[in-house]
Amino acid sequence: MHNLGLVARIFHALFVAFILAPLLMVIAVSFTDKGYLSLPTNGLSLRWFHAILDNPDFIDAFWMSVWLALIAASIAVLISIPAGLAIARHKFAGRDIIAAFLLSPLMIPHLVLGVAFLQFYSSIGLGGSFFGLVAAHVVLITPYALRLVLSAATGLSTDAENAALTLGASKFTVFRRVTFPLILPGVAGGWLLSFITSFDELTMSVFVASPSTQTLPVKMYHHITQTIDPLIASVSTVLIVLTFLVMLILDRFYGLDKIFIGKG
Amino acid sequence: MSYLNFQALGKQFGDFVAVHDMNLSIDRGEFISFLGPSGCGKTTTLQMIAGLLTPTTGKIFLDGVDITETPANKRGLGIVFQSYALFPHMTVTENVSFGLEMRGIAKTERLERCRDTLAQVRLEQFSDRYPKELSGGQRQRVALARALVIEPPVLLLDEPLSNLDAKLREEMRIELRLLQQDIGVTTILVTHDQEEALSMSDRIVVMQEGEVSQIAAPLELYERPASTFVSHFVGKTNLVQGQVTALNEVGINETRLKVDTGQRAPGMAVQISIRPEKFIMSTEEPGLKVYVETAIFLGASWLYRVNGSLGELFVTQPNTGSARYTKGDTAWLSWQEGSLTLFEEHA
Amino acid sequence: MGGVNTRLAPYFLTAPGIVFFVALLGAPMLMTFLLSLHSYDFNTGIQSDWTFANYIEVLGDSYFQKIFGRTFGLALLVTVICVLIGVPEAYILSKMSSRWRSIFLLVVLGPLLISVVVRTLGWALLFGGKGLLTMISQALGFGDAPVSLMFTFTGMTIALVHVLVPFMVISVWASLQKIDPQSEDAGYCLGASKLTVLRRITLPQAMPGILSGSIIVFALTASAFATPAIIGGRRMKVVATAAYDEYLSTLNWPLGAAIAVLLLVANVVIIASYNKLIERRFAKVFE
Ligand SMILES: Nc1ncnc2c1ncn2[C@@H]1O[C@H](COP(=O)(O)OP(=O)(O)OP(=O)(O)O)[C@@H](O)[C@H]1O
Ligand SMILES: [Mg+2]
């Protein structure tokens, strides 16, 4: 740090303060002992964390989000592996169009996807179903998984696979023993990024989720539009802590910057 | 008359000494090479000269002026980096004229001087291209032109040829040397390629672990290396262990060799170095009897691995058009007086 | 090898994705577009006629014009602020020693993983009547009146900058990583000052990152929903919140669909033309 000038260091400090301020505010408020929004001036109280346990809605919504993200991310990866390998490693008519089509949800505002699914599901009778929610999330997150599979598969030389073929391995064995291990880092990164994107998604889900399939962000959003109370702050604090743990794990195994370059 | 001068120059990174107590004086117009294995401190030294690193100890003088504290952008030395470090967002002309622009030179003169320098490196017709659109050798020459156009008092080259393929590298050696002699610019070349250093320099500075091992002209360095390290690093050599047995005689096992032993007392452990090409190999006596273990054809010459009373030796002989020795043959080795170099053990 | 099998392989491999997308992306999008061409009656619901009336209403009505204007103005402002603060921050990060850098990368990029709802809630707490702003102004002696940025354009801008600036930082960071540090050294050795090196050598090489960061921030702001909905509320509607209200409050789905289609078209046109521009500008220069 010492090689940075004073101006740069002050700027950096302000920037970090700006980034952390709202998160610290949420955490601070969640420890209040009052019944209303306030800072914990009389010491820390866990009252509002106990309150989460009395509101099973939030806990149900949390598990709903976890299941949804698990299933959707897994399906997205299952779609992305063959598609990614084909696009990265074969030259075929229509390749660019297919790639653009499978990546196109990145360009569509989530709101537009939301209203499209709302109308589509209600017209085919899937409105508010868990299945519909999963399918919508798969569409939304497949591009993230695909991009990471693509970048893992693009640099891959076919030499190792050809070597395995000449050694007598069947095509499936080659995939299982050679190709898949080589693209595994990309696949795992794609799955994680998809999981997080799905777990945090609000805008599209607001339109697709019914009261019985409410995800955590949707539940929190509806709560906030009704009332902002210390309860929502304590729920948020739990989320911040959980996310922080995931982040440490991600950083350890991948480096956060690599993951996000995929996201941007 | 010394032009560039280091006195007790040293650099430490934390506890690690990268360059230690370096003294060197370079004449105007001289071509000096820093030669040494990876990590021996060549780049570090070069960057201290350029002003990109601050020395921990010592001083640097240019033309009698102490420039140790002068920042890089005021020193005005020309430097070519190993990666070339061209500005990718500027065309060839923009790259070359950047230094002139920093010196506040008017546009017309800038363009004229760019054109002249680009002509010197034979790149006139590429002036509007971006670095990405050039081959490795062309990029290298742009980097050279960018450094030369400001007419620097000293040109610093950090392994400028190491990214080129073998053939181009040899061509560029000659081209670079001719250009340097033409312009007469004082030049320091960093390299770990001994052939490059031998073929281009007036003098070579051999470095090992941050210290200077020897400073000498190429031929002298090759013929009279100051240590076993230098003899190994510059050219190939055979090293055999022995003992001084009498004045000007060294014993190796049962064999006695005639070598200049100087003042060394009998019984002293020494090493004898002899270069593979110094042997004269014959199918007849007299000489040192050896058995050919392997014969490898190298085109212009043959490389033999032979075994005899001195142990295993490598021998090179010019190719005369036939395979004279094959595995299992017996041969006799002789050499001219003065071909052997003696080192004290651990020298 | 070769033959029909290998030639068709890529199509078999991409088939699951294509089928899924045609059914679950193509069909809904097409239906939304068709829906936007019907008219709506408050008593009888969606009509079966074909008309551009919804588009004419959205494009012609000053209420919607204002919302579209506000949305793209907001996107522009947020993008400019993100460039102004995100680019220097990325540069500072790139100049840090590696230990500090990995810590601060975590701090700056980490919030991207935290739900937007949570981050916006933080700003709502800061901006609200009893929030930090009020406390600061009271502490500074500006009187007891609560200061609130809730439901204001300024509040929305600040919160969106916070939500999106990490994208700018990461994008610029990625392109700074690609710069050969020796090209900066070469600049100094040729006589350039620190500032000149920054302006003439570093910044131009970071340009692709700045531009792609800008387009990401712009597009995400233009279609942002959660933050404008919570901070801007009903008083400061943007396109996304307006469409939401048409769908879920007014129930005028065809009009909402027209808004959505226009948002999508604007988004795609802006991204595509911007990408073309960048490509044409940088194809010769960078990889
Ligand atoms: N900034 C630094 N911090 C710590 N150690 C350094 C630094 N720069 C160089 N070193 C160390 O100093 C020694 C000399 O480095 P230098 O780059 O001068 O080697 P070199 O002779 O140029 O090698 P090469 O032929 O590989 O380029 C190396 O061991 C290197 O690890
Ligand atoms: Mg080096």
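These numbers come from a predicted model, not from an experiment. Below, chain A is the first sequence line, B the second, and so on; all start at residue 1.
- The minimum heavy-atom distance between C:A124 and A:I228, with the atom names listed, is CB-CD1, 3.9 Å.
- Atom CG of A:L102 and atom CZ of C:F20 lie 11.5 Å apart (nearest 0.5 Å).
- Both the backbone and the side chain of C:V22 come within contact range of chain A, each with at least one heavy atom under 4.5 Å from a heavy atom of that chain.
- The shortest non-hydrogen separation linking A:F11 to C:I85 is CZ-O, 3.4 Å.
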CA sep, side-chain torsions, deciding dist, call: C:M29, A:F120, side chain to side chain contact (heavy atoms under 4.5 Å, CB included):
CA-CA 9 Å; C:M29 295 299 286; A:F120 180 63; over 6 Å; no
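- With a threshold of 4.5 angstrom between heavy atoms, A:S122 approaches chain C through side-chain atoms but not through N, CA, C or O.
- Nearest heavy atoms, A:L23 versus C:P111: CD1-CG, 4.4 Å.
- Heavy atoms of A:S80 lying under 4.5 Å from chain C are absent altogether.
- Heavy-atom neighbours of A:L245 CG from other residues, nucleotides or ligands within 6.0 Å: above the threshold of 12.
- Neither the backbone nor the side chain of A:F199 has a heavy atom closer than 4.5 Å to any heavy atom of chain C.
- If you tally non-hydrogen atom pairs under 4.5 Å between each of C:A240, C:P166, C:P16 and chain A, the highest count goes to C:A240.
- By the 4.5 Å heavy-atom criterion applied to side chains, C:P10 and A:R95 are not counted as neighbours.
- Note: A:V115 leads A:L111, A:V115, A:T243 in heavy-atom pairs under 4.5 Å with chain C.
- Nearest heavy-atom pair across C:I18 and A:F101 is O-CE2, 4.1 Å.
- Proximity to chain A (any heavy atom under 4.5 Å) is restricted, for C:I271, to the side chain, taken from C-beta onward.
- A heavy-atom distance below 4.5 Å is not found between the side chains of A:P22 and C:L125.
- Taking every heavy atom of both residues into account, A:A86 and C:T14 meet most closely at CB-CG2, 3.9 Å.
- With sequence neighbours left out, the salt bridge (charged side-chain N to carboxylate O under 4.0 Å, His left out) criterion links A:R89 to A:E161.
- In this structure, the separation between CG on A:L103 and CZ on C:F21 is 8.0 Å, given to the nearest 0.5 Å.
- With a 4.5 Å cut-off on non-hydrogen atoms, C:I92 touches chain A through its backbone and its side chain both.
- A 6.0 Å sphere centred on CZ of A:F131 holds no more than 12 heavy atoms belonging to other residues, nucleotides or ligands.
- For a residue to count as touching a neighbouring chain, one of its non-hydrogen atoms must lie under 4.5 Å from one of that chain's; by this rule A:A76 does not touch chain C.
- Take C:R234 and apply the salt bridge (charged side-chain N to carboxylate O under 4.0 Å, His left out) test, not counting sequence neighbours, and it matches C:D245.
- Neither the backbone nor the side chain of A:A28 comes within contact range of chain C; no heavy atoms are under 4.5 Å apart.
- Expressed to the nearest 0.5 Å, how far CG of C:L263 lies from CD1 of A:I108 amounts to 11.0 Å.
- Only the side chain of C:Y11 comes within less than 4.5 Å of a heavy atom of chain A; its backbone N, CA, C and O stay farther away.
- Between the CG atom in C:L24 and the CG atom in A:L140 there is a gap of 12.5 Å [rounded to 0.5 Å].
- For the set A:V206, A:I27, A:T225, A:L248, the entry with the most heavy-atom pairs within less than 4.5 Å of chain C is A:V206.
- Contacts from residues 219-228 of chain C to chain A, taken as heavy-atom pairs separated by less than 4.5 Å, involve C:S223, C:F225, C:A226 in sequence order.
- The structure places CD1 of A:I19 at 8.0 Å from CD of C:E89, a figure rounded to the nearest 0.5 Å.
- Using a 4.5 Å cut-off between heavy atoms, C:I259 does not touch chain A at all.
- Looking at C:N267, its side chain does come within 3.5 Å of a backbone N or O of A:M107 through a donor-acceptor pair.
- Close approach to chain C, defined as a heavy atom under 4.5 Å from one of its heavy atoms, is seen in A:S236, A:L239, A:I240 of residues 235-242 of chain A, taken by number.
- With hydrogens and angles ignored, the 3.5 Å screen pairs no side-chain donor or acceptor of A:H90 with any backbone N or O of C:A9.
- For chain C, the option among A:I79, A:L113, A:V112 with the highest count of heavy-atom pairs below 4.5 Å is A:V112.
- Of the listed residues (A:L118, A:V29, A:I81, A:I75), the one with the most heavy-atom contacts under 4.5 Å to chain C is A:L118.
- When every heavy atom of C:L25 is checked against every heavy atom of A:P105, the shortest pair comes out as CD2-CG, 4.0 Å.
- Proximity of the aromatic rings of A:F18 and C:W123 is defined here by a centroid distance below 6.0 angstrom, and this criterion is met.
- Note that CZ of A:F244 and CG of C:L113 are 11.0 Å apart. Values are rounded to the nearest 0.5 Å.
- Within the 4.5 Å cutoff, side-chain heavy atoms of C:M31 are placed close to those of A:S123.
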Under the side chain to side chain contact (heavy atoms under 4.5 Å, CB included) criterion, do A:D200 and C:V116 qualify, and how do the steps go?
CA-CA 7 Å; A:D200 286 344; C:V116 176; over 6 Å; no
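- If you tally non-hydrogen atom pairs under 4.5 Å between each of A:L78, A:L202, A:V139 and chain C, the highest count goes to A:V139.
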